[in-house]
Amino acid sequence: MAGDLHNALAEAEAQVARLKREIAQGPCVEFGHDWQSIGGKNAACGDGCGCSVPVNVCTKCGDCDYGDNADADEIIKSCAESESDPQP
Ligand SMILES: [Zn+2]
Ligand SMILES: [Zn+2]
């Protein structure tokens, strides 16, 4: 089936892209990213709350965490804990 070949090709291409990214990140995979804050974004953890979480970019490979980091987890968690009225 041609469809199967297309699927196999898409899978192979996805794997190549992943490997290329890992090679580009090189030392980051082994030693960790060197995150640097480039600003913040809305945490979107609740209705009408104004939390913002830091967004970091790696100075070595240029990877961006889009606000997916330990600080953000902490902010969202403490926001949920400070929420006094429970959801119905
Ligand atoms: Zn990196
Ligand atoms: Zn919040």
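Each ligand, and each atom within it, is numbered from 1 in the order the structure gives.
- S52 and I75 get closest at one heavy-atom pair: O-CD1, 3.6 Å.
- Centred on the Zn ion (ligand 1), the SG atom of C58 and the SG atom of C61 lie at an angle of 110°, reported to 10°.
- The N, O or S atom of H33 lying closest to the Zn ion (ligand 1) is ND1.
- Between the SG atom of C51 and the SG atom of C45, the angle centred on the Zn ion (ligand 2) amounts to 120° when rounded to 10°.
- Not one N or O on the side chain of K60 forms a donor-acceptor pair closer than 3.5 Å with the backbone of W35.
- A donor-acceptor pair under 3.5 Å links the side-chain atoms of D65 to the main chain of N56, judged by distance alone.
- Between atom NZ of residue K20 and atom CD of residue Q15 there is a gap of 13.0 Å, rounded to the nearest 0.5 Å.
- Angle SG (C79) to the Zn ion (ligand 2) to SG (C49): 120°, rounded to 10°.
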